[in-house]
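To start, the structure under review is shown below, and the notes come after it.
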Amino acid sequence: MSKNLVIVESPAKAKTIEKFLGENYQVKSCFGHIRDLDKGDDAIDISNGFKPKYIIPEDKTAVVNELKKLSKGADMVWLASDEDREGEAISWHLSEVLGLDETRSKRIVFHEITKPAILKAIENPRSIDKNLVDAQQARRLLDRLVGFELSPVLWKKVKPSLSAGRVQSVAVRLIVEREREIQGFQSKSAFRIIAEFEFNGKKFSAEFPKRFEQKEDALKFLESCTSSDFIVNSVEVKPGFRKPAAPFTTSTLQQEASRKLGYSVSQTMTIAQRLYEAGHITYMRTDSVNLSELALNAAKDEIISAYGKEFSNPKKFTTKSAGAQEAHEAIRPTYFENHEAGADDQQKRLYDLIWKRAIASQMSDARIERTEVKIDITKNREILVASGEVITFEGFLKVYLEGKDESVEDDEQGSGLMPALKSGDKLKNLSIIGTERFSRAAPRYTEASLVKDLEELGIGRPSTYAPTISTIQKRGYAEKESREGTKRNYEVLTLIDDKIKIETKTENTGAEKNKLFPTDIGMVVTDFLMKNFNHIMDYHFTASVEKEFDEIASGSQNWTKMLDEFYHPFHKTVDDTLKISEKVTGERELGKHPENGLPVFAKIGRFGPMIQVGDGADEIKPVFAKLKKGQSIDTITMDEAIELFSMPRVLDEFEEKPMKVGIGRFGPYIQHNSKFYSMGKEDDPYTVNSERAVEIILNKRQADAEKFILELPKDIIVLNGRFGPYFTQNKENYKIPKGVDPKSLTLEYCESIIKETKDNPKPKSSFRGKKK
DNA sequence: CAGTGAGCGAGCTTCCGCTTGACTT
């Protein structure tokens with residue numbers, strides 16, 4: 001047995017470090033936290049100085065037992081968890097659980113996985129920093145107290161099974177407020193004037209610096225340009241430069257992979273995890289932009305050999321984001337000389353992005369030359385401005401340019417090459433075009449742009465961005481959706497050969513792809529929390545508690561005192577809210593029903609957002625209808641509300657039985673002869689006609705007929721299913737292995753599959769919803 | 001599977017941050 005046991009958090013890290021340290025050291029991983037607060041409400045003894053009750057979760061017992069065994073046989077245990085608040089706590093929990101003391105254990109830290117860094121760490125051990133551990137305990141307990149006291153308030157006042165927390169509730173708030181901003185946005189249009197010129201055979205464009213809000217003014221302007229000369233007034237050339245972005249952190253990697261590769265936040269993390277495990281990149285959950293000395297040198301060598309000396313510009317970046325703890329390096333390739341890595345196409349593309357970003361960060365600035373030309377319109381004495389940009393030295397742009405999020409601005413700014421001009425040059429005008437442009441509302445959040453804003457507010461950590469986004473969707477607070485835009489007309493005024501032409505064109509606007517939309521529940525919960533728990537919902541709440549955690553870490557504040565001061569006022573608000581607040585449904589009265597005069601409400605009911613007609617007065621029972629997908633109690637109109645009651649619709653008879661259209665738990669359906677036929681996305685249940693309904697029924701019948709492949713003895717039936725061929729027996733379905741022809745299946749073969757499936761029962765998946 | 005929305009009420013839900021892995025019906 002080795003004399004030395006080193007414990008790190010990640011198994012991939014353990015493998016690498018073991019190679020550096022030689023045979024006297026055994027390196028093992030604890031897989032993150034090994035203890036956590038007990039599950040229920042008794043995990044914190046509030047009246048006893050917030051005494052926490054920690055347990056070892058079930059899925060950690062095996063790891064802990066192994067570490068216990070190994071640590072007993074070791075002379076020295078080196079606690080090498082990450083150098084941040086959570087890492088310090090992991091070391092402390094390990095030393096508690098493994099029963100270590102100062103004579104048998106040492107705490108070491110490093111924030112880069114390089115041989116010199118590890119050896120240096122071994123030479124400079126320290127003991128566990130209890131203040132830092134206390135800061136972590138304060139963080140953990142505060143989150144539990146907030147989450148486990150707020151959530152039950154929601155169960156009572158809004159709906160069971162909801163949740164609230166320091167991070168998720170603010171994430172939802174961002175989405176809700178953005179949506180309301182968009183709903184309330186009044187788009188304004190103005191005419192943008194662009195003139196096309198030609199000089200020495202080269203074409204370029206210039207813009208009039210003002211925009212005209214009125215069409216008449218734009219027309220007047222065009223008229224005033226007729227039969228004018230266009231003379232260059234001045235040419236100004238300014239040098240400029242562009243700097244490369246810092247190497248990736250988790251957040252910037254997620255943003256850029258979303259912009260350039262279209263990956264979701266969780267997809268990016270899974271793919272990066274694979275690259276990390278294969279040793280291609282450094283750790284992917286990091287908030288640091290720092291590169292190790294080793295990496296700086298390796299990047300420099302690679303840049304010089306691949307692009308030349310003038311492209312190398314080694315530099316260190318410093319982290320600006322709030323609350324960064326910098327336990328790791330930035331995300332970078334482990335070996336810069338590998339321009340390609342990854343087991344599949346997705347991994348290769350992400351690696352390529354990481355490689356380029358890290359390499360570019362160590363390259364020279366790009367030098368550019370910006371030209372601004374002012375052009376006199378002799379007729380009306382106005383001035384047009386043409387601008388162009390030329391790259392005089394590529395620098396880092398040779399390999400990489402950071403992507404952009406969509407913005408409120410039109411960014412069709414001319415940036416092309418300009419002809420060589422000097423003042424006094426007379427230009428040939430090809431056209432002057434006034435185009436109506438509309439102002440745009442702030443864009444809805446993508447997963448990645450939400451992460452960006454959360455990070456800027458210091459809310460959440462690299463390891464939680466992806467899970468937070470999945471939580472708010474799982475709770476039904478937000479949905480990722482794509483929406484088709486609507487058509488909009490705009491006018492184009494063209495001046496060519498002294499003649500003005502007016503045209504109306506159409507464009508698509510408001511189309512959204514994979515954006516986060518708040519649900520009605522998300523809005524109602526946010527409004528409720530904003531009204532009653534303003535403090536927790538404040539965008540700066542996390543930043544202010546972080547400041548206190550820092551004080552605890554530095555020893556200038558006592559952790560139980562901090563919790564004490566936070567908890568009691570908070571708890572009183574919880575109690576008061578439970579007492580005072582009514583149950584909230586987000587109810588909004590749309591008006592009186594045009595036919596029967598009953599009040600019409602939009603609100604959240606037991607089964608989600610709905611419309612209610614009547615309030616139960618005069619013994620008239622209210623009637624209810626569910627909202628359609630994409631509708632919201634915030635914005636639904638009376639007409640849309642009334643349309644919802646046209647369900648179920650009765651269509652013509654088919655084969656002497658009536659057809660009915662309804663919307664059920666699984667979406668719209670057609671009912672005929674006591675059978676149900678699901679309607680696809682392409683049909684609208686509110687407008688579908690009898691002809692189409694018959695088609696849907698016949699299609700389903702045909703699919704069912706084709707479903708059948710083979711019948712075998714013992715009630716085994718081979719069928720075609722949604723996921724390919726399968727066979728069924730006693731209501732159990734069995735998958736047919738790839739490459740096996742379903743027509744050739746035999747009883748023996750099927751029975752062997754049944755036996756194999758039963759011998760290897762499916763493990764319980766924590767992602768599955770529980771049966772009710 | 002595809003109706004629900006009254007009321008009673010047992011027992012359950014829930015946080016954030018560290019790590020992977022076993023699932024793809």
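Heavy atoms only: backbone and side chains are in, while hydrogens, waters and symmetry mates are out. Everything numeric in this text was worked out from a predicted model, so none of it was measured. Chain A is the first sequence line, chain B the second, and so forth, proteins listed ahead of strands; every chain is numbered from 1.
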What are the atom names and distances for every N/O pair under 3.5 Å that joins the protein to nucleotides 6-10 of chain B?
none

Completion exercise
Residues passing the salt bridge (charged side-chain N to carboxylate O under 4.0 Å, His left out) test with Lys60(A), sequence neighbours excluded, are none
Problem - Residues which pass salt bridge (charged side-chain N to carboxylate O under 4.0 Å, His left out) with Lys159(A), listed by chain and number, not counting sequence neighbours - result: none
Fill in the blank from the handout: side-chain hydrogen bond (donor to acceptor under 3.5 Å, both in side chains) pairs touching residues 464-473 of chain A, sequence neighbours excluded, are none
Fill in the blank from the handout: In DNA chain B, stems of three or more consecutive pairs, Watson-Crick or G-U, each with both distances under 3.5 Å, turn out to be none
Exercise for the section: Could you tell me whether the side chain of Arg139(A) has a donor or acceptor atom within less than 3.5 Å of a complementary atom in the base of dC16(B)? Expected result: yes
Practice task
Keeping to residues at least two apart or across chains, list the salt bridge (Lys or Arg N to Asp or Glu O under 4.0 Å) pairs with something in residues 140-151 of chain A.
Solution key: Asp36(A)-Arg140(A), Arg139(A)-Asp143(A), Asp143(A)-Arg166(A)
Completion exercise
Hits for ring pair (Phe, Tyr, Trp, His ring centres under 6.0 Å) against His535(A), two or more places apart or cross-chain, chain-then-number order -> Phe541(A)
Problem - For Asp287(A), side chain to side chain donor-acceptor pair (under 3.5 Å) partners two or more places apart - result: Arg461(A)
Exercise for the section: With sequence neighbours left out, write down each residue that passes salt bridge (charged side-chain N to carboxylate O under 4.0 Å, His left out) with Glu88(A), or none if nothing qualifies. Expected result: Arg107(A), Arg126(A)
Exercise for the section: Compare side-chain N and O positions of Gln168(A) against OP1 and OP2 of dC15(B) and report whether any pair is under 4.0 Å apart. Expected result: yes
Fill in the blank from the handout: salt bridge (charged side-chain N to carboxylate O under 4.0 Å, His left out) filter on Glu587(A), not counting sequence neighbours, yields Lys603(A)
Practice task
List for me each residue that meets ring pair (Phe, Tyr, Trp, His ring centres under 6.0 Å) alongside Tyr539(A), sequence neighbours excluded, and say none if there are none.
Solution key: none
Practice task
Tell me which residues in residues 535-545 of chain A put a heavy atom below 4.0 Å from DNA chain B, sorted by number, or none.
Solution key: none
